[in-house]
Amino acid sequence: KQEVTQIPAALSVPEGENLVLNCSFTDSAIYNLQWFRQDPGKGLTSLLLIQSSQREQTSGRLNASLDKSSGRSTLYIAASQPGDSATYLCAVPQGGKLIFGQGTELSVKP
Amino acid sequence: KAGVTQTPRYLIKTRGQQVTLSCSPISGHRSVSWYQQTPGQGLQFLFEYFSETQRNKGNFPGRFSGRQFSNSRSEMNVSTLELGDSALYLCASSDTRTGRPSGYGYTFGSGTRLTVV
């Protein structure tokens, strides 16, 4: 049974700092891994999707890496801004559904 | 391309009532899945519909049901509402085919916030 864990649960950083969010999964036989952002009370916005054959994906200040053998993915956010404050979730598909981590709540202070 | 549309955005219902939520997926997507999000339990999978058939189901009581129409729009129904059903209900659309996940991932709607009083 696939389990997804995200560490830390919450993170507070000053504006401008580079930061890394972690996601680990127990079953390395994944098809892909997706990172989402969720603002309070809102839906999920897809940030990056990494296929199992890829090692990295980049979009603007975001870079996601995937290491299937170790069951880990990281989301790197460069030069953080207050507008990056949100909850970040990683998820892998299995059995017709997405298995989510519990999320990392990020707060970027001006 | 229009995104995933969920209606209504907010609902307030009384215990014992029933409610129906609607989700219109991205055009061309035949898979629609539903999730419940609460502060204590996080995101929990309810069910997935593909081409009008329920293909997967989560661990929710029979009060939670759904259906999908020929145009891929989906509805979710909760009968005999309980206080614990208060949550954000999210719908996701994907172009998954039979037997394998979508190579393009899932797109979520903005959700329906249900409050049961």
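Here is the naming used below: chain letters follow the sequence lines, and residue numbers restart at 1 for every chain. Predicted model only: the values in this text are computed from it and were never measured.
Two rings, from B/Y35 and A/F100, have their centers less than 6.0 Å apart.
Counting heavy-atom neighbours within 6.0 Å of B/R63 CZ, excluding the residue itself, gives a total above 12. By the neighbour-count criterion of 12 heavy atoms within 6.0 Å, atom CG of B/N71 is densely surrounded, having more than that number from other residues, nucleotides or ligands.
Taken together through direct or relayed side-chain contacts under 4.5 Å among Ile, Leu, Val, Met, Phe, Trp and Tyr, B/V32 and B/V19 form part of one hydrophobic cluster. Clustering ILVMFWY residues whenever any of their side-chain heavy atoms sit less than 4.5 angstrom apart, transitively, puts A/V4 in the very cluster that holds A/Y88. Note on A/L11 and A/I77: same hydrophobic cluster, where clusters join Ile, Leu, Val, Met, Phe, Trp and Tyr whose side-chain heavy atoms are under 4.5 Å apart, directly or indirectly. Using a 4.5 Å cut-off between side-chain heavy atoms of Ile, Leu, Val, Met, Phe, Trp and Tyr, with links allowed through other members, A/L62 and A/F36 fall into different hydrophobic clusters.
Taken to the nearest 0.5 Å, the CG atom of A/L49 stands 10.5 Å off from the OH atom of B/Y104. From B/Q41, atom CD reaches atom CD of A/Q102 across 8.5 Å, with rounding to the nearest 0.5 Å. Between the OG atom in B/S110 and the NZ atom in A/K42 there is a gap of 7.5 Å [rounded to 0.5 Å].
Residue contact with chain B, scored on non-hydrogen atoms closer than 4.5 Å, involves the side chain of A/L89 exclusively.
Within the 3.5 Å criterion, the main-chain N or O of B/Y106 finds a donor-acceptor partner in the side chain of A/Q34.
Taking every heavy atom of both residues into account, B/L88 and A/Q38 meet most closely at CD2-NE2, 3.8 Å.
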Exercise for review: Assess whether side chain to side chain contact (heavy atoms under 4.5 Å, CB included) is satisfied between A/L44 and B/L43, documenting all intermediate values.
Suggested key: CA-CA 11 Å; A/L44 305 184; B/L43 278 152; 4.1 Å; yes

